[in-house]
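For ligands, and for the atoms within them, numbers begin at 1 and follow the listed sequence. Model, not experiment: these values are computed from the prediction.
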Amino acid sequence: MDLPRPELALVPRPRRLSTRAGRFRLDDTTRLRVTPGAGPAAALLRTLLAPATGLPLRAAADGAFVLALDPALTGLGDEGYGLTVSPQGVLLRAARPAGLLRGVQTVRQLLPYEALSGRPVRGVPWELPAVEITDVPRYAWRGSMLDVARHFQPVSYLRRYVDLMALHKLNVFHLHLTDDQGWRMPVATYPRLTEVGGARAESMAGPAGSDRFDGVPHGGSYTRAELRDLVAYAAGRGVSVLPEIGLPGHVRAALAAHPELSTDPGRRLGVWTHWGVCENVLGTDDHVLDFFRTVLDEVMDVFPAPYVHIGGDECPTVEWERSAAARARAAREGLPGPRALHPWFIARMSEHLVGAGRRPVVWAENGVTLPLDCTVMSWREPGHAHAAARRGHEVVHADHRATYFDYPRGPGPGEPPGQPGGIVDLRAVYDVDLTPPVPEDASRVLGAQGQLWTEFVTTGAHVEYLTYPRLCALAERVWDGTSGWRDFTSRLAGHRARLDALDVPHADPPAPVPTLHAPSFTPPTLPHPREPCRKDSR
Ligand code: ACM
């Protein structure tokens, strides 16, 4: 089949692009001129193009393809770049290394789409159209969250996930590492967290409240070496990894490993096999705070990025209300009651991170006021982001109605169980609105990210089936996103050839049951009745 040539159908669209006459051909004789500091970008270009093209792209002082890091360049910020392609040569310039990495992805998209294939391709001329591009992102935080707690994914898959993010110039990989149903983060001081908390006996079949279970054990955890490798791999693609350790709720897996962390240390709990919001939360004694300070120290040791996510969402307070120790703690701290232990707990963990030079990220929750040091990730209502920005917080939009890729895109049979009324189609993602009502708060809006919660997602192929092309729309909006829906969808039509070359599914529902490249993928069984995956009222 003759597919359309998507060479100028770039996603996300560059800020400024003009075409010139002619083309530049890359072949075995093409040499890279790599200025000091541009080595990582040259290495990435070679790595990305090698599987399909086999091009050696050796370095030479007189190379026609120049990668230049020039800190004196102005107006490009940390991630902007300039790219000039003429029949005689290529000049990719940036003021900072990350800008060059973004430009490499543009070069990759300008080549014939076959260049993205993981298999050798013969007979395609590796030509770039002559262009002049100046490109700068609009938002600094362009993220994608993957829940590896509900269903574990090996690091080999996470590397592919990072590569797909980088193709779309996304830069924050939010790794949801712990939850009620699984603890994936290795903690040397407390090995039971992964030994016990990393495995559950079975999983609920169907949404929260179902009385059916699949009888299939599920488990997995990472080693420190694996996570360090992932961090380095992502850094080589200009992506930082944001670890999330959820607290003081969503901790049932930790409680299964360490009953002494709970409000009722004598009780024995298993790793949760249900979906929904679990009422078991952390106790509030000093040893619990110290335990999690140690956990966060080990997290910071593995993940160097400035931000560390500490959850904060969906924290029922019934156990604190029942617990004499928690009530006494609230009184000692001068709090109005046990419910206030939620922001109090987060404040203690935030202080610890800030003291170590990091920046805590916390999900926005109804009625919970956070310390101003916390970056607020708003998921229920955009209004939470607006209010937090007004108070002076940095904010990241993760609005469930626009960015939750576990929500169905429509009625297709391969779609997951939905939230009530919760359809997130491509247009809803594209329409995500990051503009605060008070213009001076705009500088506190860092950006936005997509989320994939994986209660019903077990394979990498299924992750991608739900993520694409919705993540393309989000990437478009946070990079520039000013060209309009029609322009975006016409470019996306061309971009799909690249997704095909990468074996990334990108169907728009209603779709037939997808036949995907990974044999392990089976479409989820639709539960009935349609009920929320979690018990909250999003
Ligand atoms: C969330 O969906 N509980 C952040």
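Residue contacts with ligand 1: Glu314 is placed with a nitrogen or oxygen under 3.5 Å of a nitrogen or oxygen of the ligand (distance criterion only). Checked by distance only, ligand 1 and Asp313 come closer than 3.5 Å through their nitrogen or oxygen atoms.
In this structure, the side-chain contact (heavy atoms from CB on, under 4.5 Å) partners of Ala473, at least two apart in sequence or on a different chain, are Leu426, Val429, Tyr430, Phe488.
Contact atoms of ligand 1 toward Tyr404: 1 (C), 2 (O), 4 (C) (distance under 4.0 Å to a heavy atom of the residue). For ligand 1, the atoms sitting less than 4.0 Å from at least one non-hydrogen atom of Trp453 are 1 (C), 2 (O), 4 (C), numbered in the order shown with element in parentheses.
Cation-pi geometry between Arg409 and Tyr465 is met: the NZ or CZ atom falls under 6.0 Å from the ring centre, inside 45° of the normal.
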Inset, instruction - List the steps, then state whether ring-ring contact (aromatic ring centres under 6.0 Å, His included) holds for Trp363 with His174. - result: CA-CA 12 Å; Trp363 296 108; His174 174 174; 5.7 Å; yes
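Electrostatic pairing of Asp286 and Arg329 counts as a salt bridge here, judged by a charged N lying under 4.0 Å from a carboxylate O.
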